[in-house]
Amino acid sequence: MRKVIVGVLTLCASSFAYAASPHDAHMPAASQAKTAQHVSKGHEDGAVLSKTVTVSDCWIRSLPGPTPSAGYFVISNSGNNEAKLVSLSVSAFDQVSLHQTINQGGMSRMAVADAVSIPAGGELQFKPGSYHAMLEKPSRALAVGAQVEAGFTFHSGETAKALCEVKPANAVSK
Ligand SMILES: [Cu+2]
């Protein structure tokens, strides 16, 4: 029993240590989400829709495969605590990851963002050239103008939902 408790504490500690230093960890978003489920007892009955964290203006830039499509949206946090997005799903794609486009010495490249924080009382825009959802392995063809469901899971165990509009490859905003 004691070992189990210590194990859980270690998971928490590594999770927090990671959040403080984004350079030294390679934990994928999925493991972060699992950690969140371990520490947030009381949410085991399923998703609890957040009353304070909402997602709006969601759209998808649809690109023909094998090029990944990308999802953009705005997360608003009216709560008193920082919200941390740990995973998301988009119904038409089997593989969804959180990415950040980084400008390094004039070169643009993408990095996996394991957890993205939205400050208390603030908002964060996922947009071209910045944070985005990388959408891979489409499970069905998407027509421009279609609406696709997206689900967002936060470190607290709370969730948010949005409908995302599919836009053509040359779209730059909703
Ligand atoms: Cu990307």
Side-chain angles (χ1 to χ4, degrees), residues 14-15 17-37 47 50 53-77 82-119 122-156 158-174:
S14 61
S15 170
Y18 164 67
S21 59
H23 293 288
D24 63 4
H26 304 276
M27 197 190 288
S31 336
Q32 288 263 321
K34 269 182 207 143
T35 306
Q37 281 161 18
S50 176
V53 184
T54 53
V55 180
S56 61
D57 293 329
C58 185
W59 62 284
I60 290 171
R61 178 152 63 197
S62 182
L63 295 177
T67 309
S69 293
Y72 307 101
F73 39 84
V74 179
I75 304 180
S76 302
N77 177 12
E82 175 188 81
K84 200 179 282 179
L85 178 65
V86 290
S87 70
L88 75 165
S89 62
V90 177
S91 68
F93 296 88
D94 288 341
Q95 188 176 319
V96 180
S97 39
L98 284 169
H99 273 191
Q100 185 179 17
T101 300
I102 298 168
N103 200 309
Q104 245 178 10
M107 296 280 287
S108 181
R109 69 176 188 89
M110 290 196 293
V112 172
D114 288 330
V116 180
S117 293
I118 302 94
E123 67 169 36
L124 184 69
Q125 293 190 17
F126 282 63
K127 57 188 178 186
S130 179
Y131 288 110
H132 57 275
M134 201 91 256
L135 310 175
E136 297 170 87
K137 300 187 182 169
S139 53
R140 55 187 160 95
L142 287 180
V144 169
Q147 303 267 353
V148 174
E149 276 182 20
F152 303 78
T153 302
F154 297 89
H155 189 258
S156 63
E158 291 186 328
T159 62
K161 285 182 177 169
L163 269 182
C164 309
E165 187 182 339
V166 178
K167 307 277 281 185
N170 62 356
V172 291
S173 66
K174 176 145 181 163

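Order of appearance sets the numbers: ligands from 1, and atoms from 1 within every ligand. Here, residue 1 is the first one in the sequence, and each next residue gets the next number.
Partners of Thr101 according to the side-chain contact (heavy atoms from CB on, under 4.5 Å) rule, which considers only residues two or more places apart in sequence or in another chain, are Ser108, Met110, His132. Take Ser50 and apply the side-chain contact (heavy atoms from CB on, under 4.5 Å) test, not counting sequence neighbours, and it matches Thr52, Val53, Glu158.
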Donor-acceptor pairs under 3.5 Å, side chain of residues 165-174 to any protein atom, not counting sequence neighbours: which ones?
residue: Lys174; atom: NZ; partner: Cys58; partner atom: O; Å: 3.3

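The distance from atom OG1 of Thr54 to atom CZ of Phe73, rounded to the nearest 0.5 Å, is 12.5 Å. Interatomic distance, Leu88 CG to Phe93 CZ, rounded to the nearest 0.5 Å: 11.5 Å.
Here the side chains of Ile75 and Phe126 are in contact, with some heavy-atom distance below 4.5 Å.
Below the 2.8 Å limit, the Cu ion (ligand 1) has as protein N, O or S neighbours His99 ND1, Met110 SD, His132 NE2, Met134 SD.
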